[in-house]
2 protein chains.
Amino acid sequence: SQKRLRVLVDMDQVLCDFEGSFLVKYREKYPEEPFIPLEERNTFYIADQYAKLEPDMQDKARDIWNAEGFFLNLPEIKGGCQALTEMSQMEDVDVFICTSPLTFYKYCLQEKFKWVEDHLGPDWISRLVITKDKTMVHGDVLIDDKPRIRGVRDPPSWKQVLFTAPYNQKVDLRGRQRLNTWTDDCWRDIIEDFKKRI
Amino acid sequence: SQKRLRVLVDMDQVLCDFEGSFLVKYREKYPEEPFIPLEERNTFYIADQYAKLEPDMQDKARDIWNAEGFFLNLPEIKGGCQALTEMSQMEDVDVFICTSPLTFYKYCLQEKFKWVEDHLGPDWISRLVITKDKTMVHGDVLIDDKPRIRGVRDPPSWKQVLFTAPYNQKVDLRGRQRLNTWTDDCWRDIIEDFKKRI
Ligand SMILES: [Mg+2]
Ligand SMILES: [Mg+2]
């Protein structure tokens with residue numbers, strides 16, 4: 001029995017441009033309000049940084065991503081879906097998408113499914129795992145932008161590859177690799193390297 | 001570091017009475033059509049057995065569970081939620097709910113979340129994993145009614161405990177234990193027994 005590499009890939013800010021879309025929609029809806037340019041975003045959760053601007057900005061920000069259609073219409077992070085398709089065709093590699101739902105889950109669940117169906121194809125629905133606790137998912141690699149991922153299982157089965165985002169530029173990598181973009185072949189080198197190690 | 005037992009529990013026909021509710025709603029909607037009494041159900045997928053009655057019965061059956069509100073209004077399998085609450089309070093036990101979405105996912109995703117919130121409480125949302133491939137979820141035990149559970153990982157990390165349903169009465173257990181009901185203390189004995197084995 002041949003050992004296969006299992007790769008988990010996060011959605012928000014790895015495949016879907018949550019931050020970019022948030023900012024466009026926020027500025028459309030609140031043109032008079034202060035905003036945080038992408039390059040100044042320094043917390044993982046947008047709400048935490050907007051809360052520091054003015055007390056009610058947190059709720060105004062939250063209204064943006066809790067709205068119907070927000071997830072469904074997220075643009076792709078450049079090259080992500082193409083890379084995923086190619087990764088899934090690599091020999092002895094299984095790719096799964098692993099995403100955490102919003103607390104306000106009314107729209108995001110079905111819209112995440114629909115997004116995957118629209119951008120990757122209906123077969124990928126069976127490769128989609130929704131969970132708040134990613135340590136409970138089995139894999140060798142998790143490509144994710146979140147600086148600290150914790151859950152009931154410590155250590156998890158996977159090693160995180162930190163997908164670069166403004167708010168994780170300066171974090172302590174603690175031995176983790178980074179992936180800055182899907183638009184060159186770095187992701188392929190990382191996967192090939194993990195294949196040698198399992 | 002103390003080893004904790006991780007228990008995964010399926011929803012449909014383990015916590016939620018899918019079969020019973022289906023039959024009630026089916027007979028309400030199609031009072032003139034043939035139906036399959038619960039005790040004669042002999043396939044895991046309802047549609048497979050209804051397809052044998054008449055060609056269009058499969059679609060008629062499917063319309064029932066694909067309807068808005070079907071999942072949300074599923075009654076509990078007797079004692080299931082109470083047992084889950086108690087199980088989660090056992091020492092060194094982590095309980096997660098692990099459920100597969102319908103192919104037609106428009107309503108079932110948010111309704112499964114809402115069902116868990118309504119019947120177990122909002123904290124359980126962070127203990128809910130949605131995946132078509134349950135072999136990708138880490139655990140020691142999976143309590144599930146499905147006779148054969150397969151996925152990319154073989155063998156999975158968990159051992160299945162087969163929750164009894166009409167269509168799995170005669171299946172080859174292949175070393176698996178059965179759980180017939182939540183209404184006595186058998187589930188507790190099974191969990192205590194697994195705790196000794198990890
Ligand atoms: Mg993310
Ligand atoms: Mg089931």
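Proteins come first, then strands; the chains are lettered A, B, ... in the order of their sequence lines, and each starts at number 1. No hydrogens, no waters, no symmetry mates; every other heavy atom, side chains included, goes into these values.
- Using a 4.0 Å cut-off between charged nitrogen and carboxylate oxygen, D144(B) and K134(B) count as a salt-bridge pair.
- When heavy atoms are compared at a cutoff of 4.5 Å, E111(A) does not approach chain B at all.
- R6(A) touches chain B through its side chain: at least one heavy atom from C-beta onward sits under 4.5 Å away, while N, CA, C and O do not.
- Of all non-hydrogen atoms in F22(B) and A61(B), the two that sit nearest each other are CE1-O, 3.5 Å.
- For the pair Y26(A)/E33(A), a side-chain contact is recorded, criterion being any heavy-atom separation below 4.5 Å from C-beta on.
- Taking chain B as the reference chain and counting heavy-atom pairs below 4.5 Å, the highest number among D133(A), V152(A), T131(A) is found for V152(A).
- Comparing K106(B), M136(B), R127(B), E117(B) by how many heavy-atom pairs each has under 4.5 Å with chain A, the most go to M136(B).
- For P101(A), the part lying under 4.5 angstrom from a heavy atom of chain B is the side chain only.
- Proximity to chain B (any heavy atom under 4.5 Å) is shown, for Y107(A), by neither the backbone nor the side chain.
- Ring centroid separation for the pair Y50(B) and Y30(B) does not come in under the 6.0 Å cut-off.
- The two residues K78(A) and T183(A) make their nearest non-hydrogen contact at O-CG2, 3.5 Å.
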